[in-house]
Amino acid sequence: KAGVTQTPRYLIKTRGQQVTLSCSPISGHRSVSWYQQTPGQGLQFLFEYFSETQRNKGNFPGRFSGRQFSNSRSEMNVSTLELGDSALYLCASSLAGVTYTEAFFGQGTRLTVV
Amino acid sequence: AQKITQTQPGMFVQEKEAVTLDCTYDTSDPSYGLFWYKQPSSGEMIFLIYQGSYDQQNATEGRYSLNFQKARKSANLVISASQLGDSAMYFCAMREDTDKGEYNQGGKLIFGQGTELSVKP
């Protein structure tokens with residue numbers, strides 16, 4: 001069974017540009033969440049998608065957005081990049097159901113803004 | 001607000017010995033879940049173990065066990081027989097349920113700051 005796949009693994013962008021990251025969850029998983037990891041702030045929740053709907057959102061500016069497709073694949077977009085957006089972006093997939101016992105992460109996309 | 005605290009920024013352990021990584025949490029929600037993840041230098045977050053707040057038994061997965069003390073709000077990870085490959089960052093996380101609708105699956109993970117474990121040969 002394939003794991004969570006994030007593409008690309010590495011990105012270098014210039015301040016002011018925009019970027020799109022992709023996450024393919026484990027087959028059968030309908031929930032996809034995104035997290036930002038930086039040395040200073042640690043791991044912070046960005047948003048969660050389920051059945052193509054954003055169900056939950058963290059405390060990030062509107063420059064951060066996402067979407068989920070009918071096959072549960074998700075993308076996140078960051079517009080007008082700032083130097084502080086440099087981070088490891090991780091996505092997690094989980095089954096949707098009564099219990100929420102596992103959340104599996106991808107390898108992450110390491111974004112560097114110069 | 002829910003919070004996870006890991007008080008050990010770094011830990012050393014001798015190969016083949018057991019090690020305990022501390023995690024305390026704070027929540028007023030009676031229903032919650034606790035996770036431990038391992039993050040090697042490659043960056044991937046590897047799921048290790050899960051404990052539900054209503055679980056009567058401590059969770060175990062191979063060499064990993066979770067010492068769940070609900071009254072003390074602690075969920076320490078115990079790694080038995082440490083191996084060199086166990087050297088990594090370890091994160092404790094708590095699931096915060098934000099959607100208690102029919103499927104009760106809306107939620108997010110709140111992470112601690114992590115503990116860097118180094119296994120010495």
Side-chain angles (χ1 to χ4, degrees), chain A residues 3-6 8-11 21 23 25-26 29-51 53-60 66 87-112, chain B residues 1-6 9 23 29 31-55 57 59-61 64 66 68 88-116:
Chain A
V4 182
T5 303
Q6 289 189 246
R9 291 289 312 280
Y10 302 92
L11 265 178
L21 313 181
C23 173
I26 292 170
H29 285 194
R30 294 165 65 190
S31 170
V32 174
S33 303
W34 289 88
Y35 294 82
Q36 181 197 65
Q37 185 178 25
T38 59
Q41 298 297 318
L43 282 145
Q44 293 185 289
F45 172 76
L46 280 156
F47 27 64
E48 180 200 10
Y49 285 88
F50 173 70
S51 290
T53 301
Q54 186 182 89
R55 188 162 60 181
N56 210 350
K57 191 176 190 306
N59 296 324
F60 279 81
L88 178 66
Y89 290 88
L90 292 158
C91 90
S93 90
S94 58
L95 279 169
V98 176
T99 59
Y100 178 163
T101 60
E102 294 174 326
F104 295 98
F105 283 80
Q107 291 185 299
T109 294
R110 194 169 295 276
L111 172 65
T112 303
Chain B
Q2 299 188 327
K3 188 178 178 182
I4 291 278
T5 303
Q6 294 180 254
C23 173
D29 194 333
S31 174
Y32 51 89
L34 297 157
F35 300 76
W36 275 94
Y37 287 91
K38 171 185 177 181
Q39 187 178 43
S41 56
S42 62
E44 181 180 7
M45 295 287 279
I46 301 168
F47 169 77
L48 295 178
I49 199 166
Y50 168 85
Q51 179 85 42
S53 59
Y54 294 118
D55 293 342
Q57 306 266 357
T60 60
E61 288 285 349
Y64 305 107
L66 201 152
F68 182 46
M89 282 290 290
Y90 288 80
F91 290 93
C92 180
M94 178 166 58
R95 184 191 78 229
E96 177 182 338
D97 290 332
T98 57
D99 178 359
K100 295 189 182 350
E102 180 181 351
Y103 293 102
N104 188 33
Q105 76 279 51
K108 63 181 181 183
L109 293 177
I110 300 167
F111 287 86
Q113 289 300 308
T115 295
E116 184 171 9

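A note on names: the letters A, B, ... follow the listed sequences, proteins ahead of strands, and every chain is numbered from 1. Note that the structure is predicted; figures quoted are calculated from it, not measured.
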Quiz item: Do you know which of A:G106, A:G108, A:A92 has the most heavy-atom pairs with chain B at a distance under 4.5 angstrom?
Solution: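 Option with the greatest count: A:G106.
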Quiz item: Under 6.0 Å between the ring centres of B:F47 and A:F105?
Solution: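 Not close enough - the centres of the two rings lie 6.0 Å or further apart.
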Quiz item: What part of B:Q39 is in contact with chain A, defined as an atom under 4.5 angstrom from a non-hydrogen atom: side chain, backbone, both or neither?
Solution: side chain
As an exercise, state the distance from [atom1] of [X] to [atom2] of [Y], rounded to the nearest 0.5 Å.
X	Y	atom1	atom2	value
A:L90	B:F111	CG	CZ	8.0 Å
B:S42	A:R110	OG	CZ	9.0 Å
B:K108	A:S31	NZ	OG	13.5 Å

Quiz item: Should A:L43 and B:Q113 count as side-chain neighbours, where that means a heavy-atom distance under 4.5 Å?
Solution: no
Quiz item: Is there side-chain contact between A:Q37 and B:F91, with at least one heavy-atom pair below 4.5 Å?
Solution: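 Side chain of A:Q37 against side chain of B:F91, heavy atoms only: contact under 4.5 Å found.
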Quiz item: For B:L109, does its backbone N or O pair with a side-chain atom of A:Y35 as donor and acceptor, under 3.5 Å?
Solution: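 Here the side-chain-to-backbone pair exists.
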